[in-house]
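Worth saying up front: this structure is predicted, and the values here are computed from it rather than measured. Along the sequence shown, residues carry numbers from 1.
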Amino acid sequence: MERIFESITVSAVEHVQCNGLVFPMLKWGSSSGRPILLLHGFPQEPGTWAPIAEKLAREGFQVFAPLQRGYCIGTQPQQEDGYTFGHFIQDAIALADTLRLDKFDVAGFGIGAALAWMLAAYHPTRIRSLAALRYPHPAAFAQAMQSDPEQKNKWFRVQEDLGAGNPAEKAAAMLADNATGLRRFLEVSGLPQPFLDRYVSRLKEPGTLAGALFWNQAISLEEFARVPAIRIPALYVWTEGPAVARAAAEATRMFATDSLTEVSIEGGGHFMLEISPESLIAPLLQHFGAT
């Protein structure tokens, strides 16, 4: 688990207890800075945010990046029904409560962005603004899944690549033969080195890949379709890549009714945090600075 923190410049490493779990967390910046919570996606970790977080800290923000539920032994619930978006939302709010963050900004990537949208929708008095990287508003995604053939094809292709079975069965198959299946899946998704080796090494730890895959299983189109529109300032950063089609990105405009800034990054691929973090710094600073 401690390899999460290797070769990363941080002001503090903490282990935060809440909801019966222990969340490893990276922290950058001064305690007097405006707080921002960064939520990673699959197959990432808190250190994925380092280039962004270090810049935000230098600009006066206080930045927190937790390792999310399922991604290490300390964050794995004993029961499989402990993986729902209700639990993920509770984790984020409980972390903020423990850290005494009455109001904070939130940014998320991938499935972490889906969680960020839901935090803004269900806890608008706690969230000052949000930045979502790649994943659209959940209701926009659900709508596109019903109406857009490209969106359905993109999503089902990812599910086919993940394989059949429950998360534990999928994890076992992907980790067989020195994680050949996992490596192939991540390579096809566009994950570059050295992140590929780094993530695979961590996901081989007991229960970790299964815990991460439970997030995918938790996605319910019926639940996503019920997520309300948000009414706080939002930044949505879009790139072409797997899982999400342009129709879902465009539909997001209907579910951000206050102020939505859209940024499209050409050639960023799915793993924009790993491939081109420098392209995200300016829009993120501009967005958080304006709010």
Side-chain angles (χ1 to χ4, degrees), residues 1-10 13 24-26 38-54 65-73 75-76 107-114 133-135 154-155 157-165 167-217 237-244 265-281:
M1 182 174 66
E2 295 305 319
R3 69 168 52 92
I4 298 163
F5 309 128
E6 291 176 359
S7 304
I8 299 166
T9 303
V10 294
V13 176
M25 185 181 68
L26 299 182
L38 304 180
L39 303 171
H40 68 79
F42 177 81
Q44 298 166 324
E45 59 196 27
T48 305
W49 289 102
I52 304 293
E54 290 166 5
L67 190 66
Q68 302 221 65
R69 180 176 287 239
Y71 277 80
C72 70
I73 291 176
T75 65
Q76 293 166 9
F109 171 85
I111 200 68
L133 310 183
R134 278 229 83 224
Y135 208 98
K154 276 178 171 282
W155 184 249
R157 190 176 306 126
V158 169
Q159 303 311 306
E160 290 175 359
D161 290 343
L162 285 173
E169 293 168 338
K170 291 180 181 180
M174 296 177 82
L175 292 174
D177 299 323
N178 195 28
T180 298
L182 176 60
R183 287 182 175 277
R184 183 184 304 114
F185 176 81
L186 296 177
E187 286 174 345
V188 170
S189 299
L191 181 65
Q193 290 286 13
F195 297 96
L196 180 60
D197 287 341
R198 175 172 140 190
Y199 293 171
V200 168
S201 178
R202 182 175 48 80
L203 291 169
K204 289 166 70 174
E205 295 176 359
T208 298
L209 179 57
L213 292 175
F214 269 110
W215 283 70
N216 181 73
Q217 181 172 283
V237 182
W238 158 256
T239 57
E240 291 285 354
V244 179
I265 297 178
E266 297 298 326
H270 175 69
F271 289 105
M272 61 176 82
L273 280 174
E274 291 85 352
I275 295 171
S276 56
E278 66 283 349
S279 67
L280 299 169
I281 290 173

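- Within the 4.5 Å cutoff, no side-chain heavy atoms of H40 are placed close to those of F42.
- Qualifying side chain to side chain donor-acceptor pair (under 3.5 Å) partners for S276, counting only residues two or more places apart in sequence or in other chains: S279.
- Taking every heavy atom of both residues into account, Y135 and A114 meet most closely at CD2-CB, 3.8 Å.
- Between V158 and P242, the closest heavy-atom pair is CG2-CB, 4.3 Å.
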Might you work through the side chain to side chain contact (heavy atoms under 4.5 Å, CB included) test for F195 and E45, ending with a clear yes or no? CA-CA 10 Å; F195 297 96; E45 59 196 27; over 6 Å; no

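- Considering every non-hydrogen atom in both W49 and A107, the closest pair reads CZ2-O, 4.0 Å.
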Assess whether side chain to side chain contact (heavy atoms under 4.5 Å, CB included) is satisfied between L203 and M174, documenting all intermediate values. CA-CA 10 Å; L203 291 169; M174 296 177 82; over 6 Å; no

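- A donor-acceptor pair is defined here as one N or O able to donate and one able to accept, closer than 3.5 Å; no such pair exists between the side chain of S201 and the backbone of R198.
- To the nearest 0.5 angstrom, K170 atom NZ is 6.0 Å from Q159 atom CD.
- Atom CG in L213 sits 12.0 Å away from atom CD in E169 (nearest 0.5 Å).
- Between P43 and L186, the shortest heavy-atom contact is CG-CD2, 3.7 Å.
- Looking at heavy atoms from C-beta onward, L26 lies out of side-chain contact with L38 at the 4.5 angstrom threshold.
- Distance check: I265 CD1 to I275 CD1 gives 10.5 Å after rounding to the nearest 0.5 Å.
- Under the 4.5 Å side-chain criterion, counting only non-hydrogen atoms from C-beta, T208 is in contact with Q76.
- Between the side chain of R134 and the backbone N or O of A243, no donor-acceptor pair lies under 3.5 Å.
- K204 is listed as a side-chain neighbour of N178, based on a closest heavy-atom distance under 4.5 Å.
- Across T239 and G269, no two heavy atoms sit closer than the pair OG1-O, 2.7 Å.
- Of all non-hydrogen atoms in A168 and A210, the two that sit nearest each other are CA-CB, 4.0 Å.
- With rounding to the nearest 0.5 Å, the separation of CG in L39 from CG in L67 is 11.5 Å.
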Could you walk me through whether I73 and E205 pass side chain to side chain contact (heavy atoms under 4.5 Å, CB included), step by step? CA-CA 8 Å; I73 291 176; E205 295 176 359; over 6 Å; no

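- Between N216 and I111, every side-chain heavy-atom pair lies at or beyond the 4.5 Å cut-off.
- Taking the side chain as every heavy atom from C-beta outward, P24 and T75 approach each other to under 4.5 Å.
- Within the 3.5 Å criterion, the main-chain N or O of D197 finds no donor-acceptor partner in the side chain of R183.
- Side-chain atoms of W215 come within 3.5 Å of backbone N or O of R69 as a donor-acceptor pair.
- V244 places a side-chain heavy atom less than 4.5 Å from the side chain of W238.
- To the nearest 0.5 Å, the span separating CZ on F185 from CG on D161 amounts to 6.0 Å.
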Take Y199 and E274 through the test side chain to side chain contact (heavy atoms under 4.5 Å, CB included) and record every step on the way to the result. CA-CA 12 Å; Y199 293 171; E274 291 85 352; 2.8 Å; yes

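- The OG1 atom of T180 sits 10.0 Å away from atom CG of L175, with the distance rounded to the nearest 0.5 Å.
- No side-chain heavy atom of P66 sits less than 4.5 Å from a side-chain heavy atom of Y71.
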